[in-house]
Amino acid sequence: MEEKWKQREFDLASVADLCSGSSSSSPGKARFTFDGLQILQDSHQILVNVDLLTAQVFKLGPVQSVCIVEEGSDVVKKTSYSKGATLQFRNEEDSAAFHCVVQQWKKEGKVQGGNLLNGTVVTSKSKFDEKIESSSAKMYFHYYGQLLHQQNMLQDYVRTGTYYAAVIENRADFMGHVVVDVGAGSGILSLFAAQAGAKHVYAVEASEMAEYAQKLIAGNPTLAQRITVIKGKVEDVELPEKADVLISEPMGTLLVNERMLESYVIARDRFLTPNGKMFPAVGRIHMAPFSDEYLFIEIANKALFWQQQNYYGVDLTSLHGTAFQGYFSQPVVDAFDPRLLVAPPTFHVIDFTKIKEEDLYEIDIPLKFTASVGARVHGLACWFDVLFNGSTVPRWLTTAPGSPTTHWYQLRCVLSQPIYVMAGQEITGRLHLIAHNAQSYTIYLTLSAKMWGPGAEQGGILQTSSCKLDLKEPYYRMSQPQAYALAQDQQQPQPLLQTQDIHIQSQDLNESEIMQQPSPNSSVPINSLMQNI
Ligand SMILES: C[S@@+](CC[C@H](N)C(=O)[O-])C[C@H]1O[C@@H](n2cnc3c(N)ncnc32)[C@H](O)[C@@H]1O
């Protein structure tokens, strides 16, 4: 079955021929076909046919790109000419999605051997290196190579305890079987699998942690003889046999951050026998609109600094708008009170046993809710859970608000323009996640409140609000869950005060930023700041 993305079409605000010498441009389309990409002018006339395996596509700006195609050469003049076009997208979201499809095309072509010219040298970069910026990968594996960060994950007892229970209660799935631990870290899940009677476990770990895992495993001699640690990426290493079971903990914030799910899926395709089991097998992203006046004001207040007209004699106000947008582009990570949700949640399923790796490059989730209360909606709250579909006892690991807090907490995308809803009113929208090469995603969120009361039959949209966020740059707001005694809409508007700023400026992308301390039943996260990496 052909993939849908191979037929994607993008409307362009304008397109111009690079070679015409004139600066004339007109609206157009970028149409992906099974053979490559067509750039059309005025929606029907083909300006240029692009062979994506040999063409070069560059991003010139947030909504502008250029596409250059090698054409024939003039033997007499000893020159070669290129054709091409400049593309102006309607918005950044389209531009990002377009480049995502181009990347997929280039990758697919290489994988299938493509229609490369004779003599073309194809470097065999690994799947991981092809899509991930090397500086990001370096920081990422450096982070996981440190014992303190592995300890932090081990000390999330909700997480580690649930993995332990899922393995031990489902011994039958491990007993006498070959297991691969995908991203073994300290080797803890390999040791659990060995405790459950695995015949042999291959613990694959790319970071320097592999050496510590080896040490930890050697320190448990009754299990060690059935575990082999292999240092390398699951995308690259070779194993001597196929696996009956894959075990892994590849979940990041919002489930998909870190893009490790892709490695889990690649490991499935490379190592798992056709009827093999995956622990976990399924993940779900849950979403619901929320109302949180305190949070909104706190974020808006952060930019107030830039409203000073006399900061040591300098007027800062020209940067206020940029700073304001910047703060609203950070998804908020904290544990919130579930009473802040204004509608029952909906969820999006990711089946790790079936999904294709490429399907994780772009995740598009249509949203539809019915408000249960009248409120000012400040954005979308998200969390995830995963299922260990053991044949004896199926078990869920949840990061839901109100459940015992994990080191993932929950994630909220906050709109700079809240929308008002009445009880019973429909809220629609879209959560669009586009993977980027720094092991994370750009998040595009739109929420709309449909017309209410007279005139609703016409189906008009009354209010709509959108935002763009970078999942790699979250705001870790490790406040205690608030006791929200009053409904938010009954509260007095808060003055825009300078609240105490506990913002942790973090470059980090890992799941293990701020960890729960050893209090398995506590639902209150203990504040702990992490180091930037
Ligand atoms: C979230 S940690 C989990 C560690 C351990 N399994 C646990 O549950 O405590 C993910 C681990 O996977 C490793 N990892 C991530 N991507 C990998 C890849 N493509 N190949 C091998 N290891 C990888 C990281 O270095 C990190 O140690």
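Just so you know, ligand 1 is whichever comes first in the structure, and atom 1 is the first atom listed for that ligand.
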Could you tell me whether Phe336 and Tyr409 have their ring centroids closer than 6.0 angstrom?
-> no
Only heavy atoms count here, so choose which of Glu235, Lys233, Glu258 is nearest to atom 19 (N) of ligand 1.
-> Glu235
Ligand 1 contact by Met251, heavy-atom criterion under 4.0 angstrom | no
Salt bridge check: are Lys231 and Glu208 linked by an N-O gap of less than 4.0 Å?
-> yes
For ligand 1, indicate whether the residue Tyr140 contacts it via side chain, backbone, both or neither (heavy-atom separation under 4.0 Å).
-> side chain
Does a side-chain N-to-carboxylate-O contact under 4.0 Å join Asp269 and Lys356?
-> no
For ligand 1, is there an atom lying under 4.0 Å from some heavy atom of Met209?
-> no
Hey, is Ala184 touching ligand 1 through its side chain, its backbone, both or neither, going by heavy atoms under 4.0 Å?
-> backbone
Leu189 heavy atoms within 4.0 Å reach ligand 1 at atoms 6 (N), 8 (O)
For the residue pair Thr442 and Asp470, confirm or rule out a side-chain donor-acceptor distance under 3.5 Å.
-> no
Can the ring centroids of Phe352 and Tyr264 be said to lie less than 6.0 angstrom from one another?
-> yes
Residue selection (non-hydrogen contact nearest atom 9 (O) of ligand 1) among Glu249, Arg159, Met153, Gln151 = Arg159
Can Glu93 and Arg430 be counted as an ion pair, charged N to O under 4.0 angstrom?
-> yes
Heavy-atom closest pair (Phe290 atom, Cys413 atom, distance to 0.1 Å) is CE2-O, 3.8 Å
For a side-chain contact (heavy atoms from CB on, under 4.5 Å) with Leu216, tell me which candidate from Ile227, Leu147, Leu191 qualifies.
-> Leu191
Report yes if some N/O of Leu154 lies less than 3.5 Å from some N/O of ligand 1; otherwise report no.
-> no
Please indicate whether any nitrogen or oxygen in Ile188 is less than 3.5 Å from any nitrogen or oxygen in ligand 1.
-> no
Contact check, Gln150 vs ligand 1, heavy-atom distance below 4.0 Å = yes
Numbered atoms and elements of ligand 1 in range of Phe141, under 4.0 angstrom, heavy atoms | 14 (N), 15 (C), 16 (N), 17 (C), 23 (C), 25 (O)
Does Ala206 approach ligand 1 within less than 4.0 angstrom via side chain, backbone, both or neither, non-hydrogen atoms only?
-> both
Going by atom types only, do Tyr144 and Glu258 share a side-chain donor-acceptor pair under 3.5 Å?
-> yes
Gly232 heavy atom under 4.0 Å from ligand 1 = yes
Of all the atoms in ligand 1, which lie at a distance below 4.0 Å from a heavy atom belonging to Ser263?
-> 19 (N)
